[in-house]
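Structure, as structure tokens:
These numbers come from the heavy atoms of this one structure, side chains and all, not from hydrogens, waters or symmetry mates.
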2 protein chains.
Amino acid sequence: MRASSIPVDAKTLNRMAAQARVLKALAHPTRLFIVDQLSRHEICVCELTDLIGADISTVSKHLSVLRSAGVLTDERRGAQVFYRLRTDAVRPVLAGAREIVQSFAREQVELAKAG
Amino acid sequence: MRASSIPVDAKTLNRMAAQARVLKALAHPTRLFIVDQLSRHEICVCELTDLIGADISTVSKHLSVLRSAGVLTDERRGAQVFYRLRTDAVRPVLAGAREIVQSFAREQVELAKAG
DNA sequence: TGAACATTTGGCCAATTGGCCAAATGCGTG
DNA sequence: CACGCATTTGGCCAATTGGCCAAATGTTCA
């Protein structure tokens, strides 16, 4: 017989939802690329648009998602708007995701050899 | 005049897509809750289902997403299947997301005070 | 103020996702 | 083998998302 478990409380679920929102903001190739670039130095919308090659409005919406999730901040300087990381707490998320992918790839290779 | 930027190469985009897939797997309240629980100790599907209170098939599909993204591994022991983190690299992702949410909340409070 | 540039917002459509139910599969025991 | 329990898979539907275009907004400068 299995131990019966008490269901999650609403508070925990809310915390999970808040954190999931942050991760969701990062969980898109274009948005992750943006954040990766901004982890090096701030960049304006127009230059990001050049880098990405999508419609400016698309890039702007991605930036809006990242900003309202608390990942990025923006600062207007003249006609341009520059974006940068809002907090260094973003870095371990990027690094972790990178490492998960790498170690998973290595593991798959091992399994293939063994296979 | 702005510096013109060279568009991203396909290789970088592929890397971003791979990492985004991992983050996407984590970017769901229920799945994040599962991973958070498993960051403490391994748990079987049936107990996770108790904890979450959703349909077993729903939980199983969430676990499948996390497993095929390289976040979790599973091990069958008798009739039960136990899941656990596949790598410790998952931890900094969780911690980072938590801290982003916290610092953003603090910042919002400050802004509200400042009016 | 009007032209030119930078950015955001609204609207629309195709594609993806998350949930449940039902059915299939895997494993241990009598 | 047949039953019971644990888990996965298939099918279906409602809701969300990401992309582009068009239009609105903000800023500089003549």
- B:Q80 CD - C:dG28 P separation (whole Å): 11 Å
- Work out which heavy atom in A:L32 is nearest to a heavy atom in B:M16; give both atom names and the distance. CD2-O, 3.5 Å
- Message: Please give me every residue in residues 55-64 of chain A whose heavy atoms get under 4.0 Å of an atom in DNA chain C, ordered by residue number.
- Response: A:I56, A:S57, A:S60, A:K61
- Side chain proximity check, A:E110 to A:K113, heavy atoms < 4.5 angstrom: yes
- Quick one: is A:H28 getting a side-chain N or O under 4.0 Å of the D:dG19 phosphate, OP1 or OP2? yes
- Item | Separation of atom CZ in A:F82 from atom P in C:dT8, rounded to whole Å | 12 Å
- Roughly how many Å is it from CG in B:L26 to P in C:dG18, rounded to a whole number? 12 Å
- Message: Can a donor-acceptor pair be found, under 3.5 Å and without considering hydrogens, that links the side chain of B:R86 to the backbone of B:L66?
- Response: no
- Item | ILVMFWY network linking B:F82 to B:I34, side-chain heavy atoms under 4.5 angstrom | no
- Closest heavy-atom contact between B:D36 and B:S39? O-OG, 2.6 Å
- Query: Quick one: is B:Y83 getting a side-chain N or O under 4.0 Å of the D:dA6 phosphate, OP1 or OP2?
  - Reply: no
- Task: Rounded to the nearest angstrom, tell me the gap between atom CD1 in A:I52 and atom P in D:dG18.
- Result: 14 Å
- Can you check the B:I34 CD1 to C:dG19 C1' distance for me, whole Å? 14 Å
- Task: Using a cut-off of strictly less than 4.0 Å, decide whether A:K24 has a side-chain nitrogen or oxygen near OP1 or OP2 of D:dT16.
- Result: no
- Task: Rounded off to whole Å, could you give me the CD1-to-P distance for the A:I43 and C:dA6 pair?
- Result: 16 Å
- Message: What is the separation between atom CZ on B:R31 and atom P on C:dT17, rounded to the nearest whole Å?
- Response: 9 Å
- Query: Which sits closer to the 5' end of DNA chain D, B:A79 or A:A54, going by the nucleotide each is nearest to?
  - Reply: B:A79
- Query: Atom CZ of A:R77 and atom C1' of C:dT7: how far apart are they, to the nearest Å?
  - Reply: 15 Å
- Message: Side chain of A:R76 only, heavy atoms from C-beta on: which candidate in D:dT17, D:dT8, C:dT7 is closest?
- Response: C:dT7
- Message: Nearest 0.5 angstrom please: A:I100 CD1 to B:L85 CG, how far?
- Response: 9.0 Å
- Note on the structure: Contacts of A:Y83 meeting side-chain contact (heavy atoms from CB on, under 4.5 Å) (sequence neighbours excluded), chain-then-number -> A:L38, A:V45, A:L63, A:R67, A:L72, A:D74, A:V81
